[in-house]
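Every heavy atom of this structure was used, including side-chain atoms; hydrogens, water molecules and symmetry mates were not.
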Amino acid sequence: MEAILLRTIKRTLLWATVVLATVALSLGILITWPGPLFAFSLGSGNIIVASDHPIPPRGGERFLRDCERLLERSPLKAKRSHYRLYVTNDEWRQRLFFIPRPERWGFAWYYGFGGHAFLSGADFETGRVVHWGYVGTPPRTLAYLCAHELTHIIVSEHVGLDRFHVPQWVWEGLPECGGIEKRETYKQLRDALGDQPVDIPMRVKYGSYPRYRLLVTYFIEKKGWSFDQLLRTRLTEDGATEIMRVDDKD
Ligand SMILES: [Zn+2]
C-alpha cells in the first residue's frame, strides 16, 4: 500500500516538473522570439516597434524619433544596429508577456547576445503609455518608457554578466536619467524630494524611480562620475545616500 502511494507521489512530482519545465521553456521561446504574435511594425533609425494593433504612421514615427533622440543624449552608445520593441495592447498578450509582474509598464529582455523590450500599451497619437485604462502623463511618456527600457538593454550590452552586480540604484537610475525629457538639476530634485518616502504622486511627477535618479544625478553632477564609473561602482543605495547626505551638510 505504502509502496503504491510512494510511486504515485513520485509520478505526480515527475509530471509536475515536466509540465512546469515545458511552460517555462515555452515562455522563454515566446519572449525571445515574440515576432509572430505582433502583426504590425514600423521602423525608423535603429529602432523597430511592433504592435498587436495598427500603428498610426505619423504618431509612430514621431514616437521613434523622440525615443531615439533621448537615447542619443546618453554617453552610453548603442552597440547594435537595431533594437526591437513590442507593444502588448490586448489584455491577454499583456498578461502573457508580463508574467510574473503584470503591474509593470515595460520590461527589457536581454539574453546574452541581444535583447528587446516590451511596453504594456501605447497611444502613438498622443505619445502616452496606456496601462489597463490608466494613461501615463509627462514626464513618463511613451518615448520615456522606450528610452528607459532600451537603456537597460544597452547597459547589459556594455557590462554583460556584471549586470547582476550593478547596484539597483544605478540599474534603474541611469535609464531614468536617460528617459526623462526635462531633467531637473541635482538641487532641484533634492529640494523637491526632500526626505519624503516615495509615493505614487512623487513617481507620477518625477519618474518611476525618483530617489535613484536623485542619487545618479548627484554622482554625475557633483562628483563628476561618468556612466562607466557608475556601472562599476558597488556602492549600495544606503552607502551612496550617506555620501550624498554628508556632502550636503558641508
Ligand atoms: Zn527599469
Please check this pair: side chain of His116 against backbone of Ile31, looking for a donor-acceptor N/O pair closer than 3.5 Å. yes

Under 6.0 Å from the CH2 atom of Trp132, do we count more than 12 heavy atoms belonging to anything else shown? yes

Test log, rule side chain to side chain donor-acceptor pair (under 3.5 Å), inputs Tyr144 and Ser208: CA-CA 11 Å; Tyr144 145 85; Ser208 301; 3.0 Å; yes

What about Ile47 and Leu145, same hydrophobic cluster or not, with Ile/Leu/Val/Met/Phe/Trp/Tyr joined at side-chain heavy-atom distances under 4.5 Å? yes

Got a second to check how far Phe219's CZ is from Thr233's OG1, nearest 0.5 Å? 7.0 Å

Would you call Asp195 and Arg245 a salt bridge, taking side-chain N to carboxylate O under 4.0 Å as the test? yes

Which label fits Phe98 and Phe118: parallel for a plane angle under 30°, tilted from 30 to 60°, or perpendicular past 60°? perpendicular

Sub-3.5 Å donor-acceptor pair from the side chain of Glu172 to the main-chain atoms of Tyr209, do we have one? no

Just by distance, do the side chain of Arg93 and the backbone of Leu37 share a donor-acceptor pair under 3.5 Å? yes

Is there a donor-acceptor pair under 3.5 Å between the side chain of Arg101 and the backbone N or O of Ile99? no

Check whether any side-chain heavy atom of Trp105 lies under 4.5 Å from a side-chain heavy atom of Tyr134, and answer yes or no. yes

Do any N or O atoms from the side chain of Arg58 and from the backbone of Glu125 form a donor-acceptor pair under 3.5 angstrom? no

Do other residues, nucleotides or ligands put more than 12 heavy atoms under 6.0 Å from Arg69 CZ? yes

Is there a donor-acceptor pair closer than 3.5 Å between any side-chain N or O of Ser226 and the backbone N or O of Gln229? yes

Electrostatic pair Arg190-Glu184, nearest N-O below 4.0 angstrom: no

Is the distance between the ring centroids of Phe113 and Tyr111 less than 6.0 Å? yes

With no hydrogens and no angle check, is any side-chain donor or acceptor of Lys249 less than 3.5 Å from a backbone partner on Met244? no

Answer yes or no on whether Arg84 is positioned over the face of Trp33, meaning its NZ or CZ is under 6.0 Å from the six-membered ring centre and within 45° of the axis. no

Kindly check if the number of other-residue, nucleotide or ligand heavy atoms within 6.0 Å of CZ (Arg11) is above 12? no

Between Asp66 and Arg62, does any NZ, NE, NH1 or NH2 come within less than 4.0 Å of an OD or OE carboxylate oxygen? no

Can you tell me how far NE2 of His158 sits from CZ of Arg163, rounded to the nearest 0.5 angstrom? 15.5 Å

So, Arg183 side chain and Glu176 main chain: donor-acceptor pair closer than 3.5 Å or not? no

Between the main-chain N or O of Val49 and the side-chain N or O of Ser41, is there a donor-acceptor pair closer than 3.5 Å? no

Supply the atom-to-atom distance Thr185 OG1 to Tyr218 OH, rounded to the nearest 0.5 angstrom. 14.5 Å

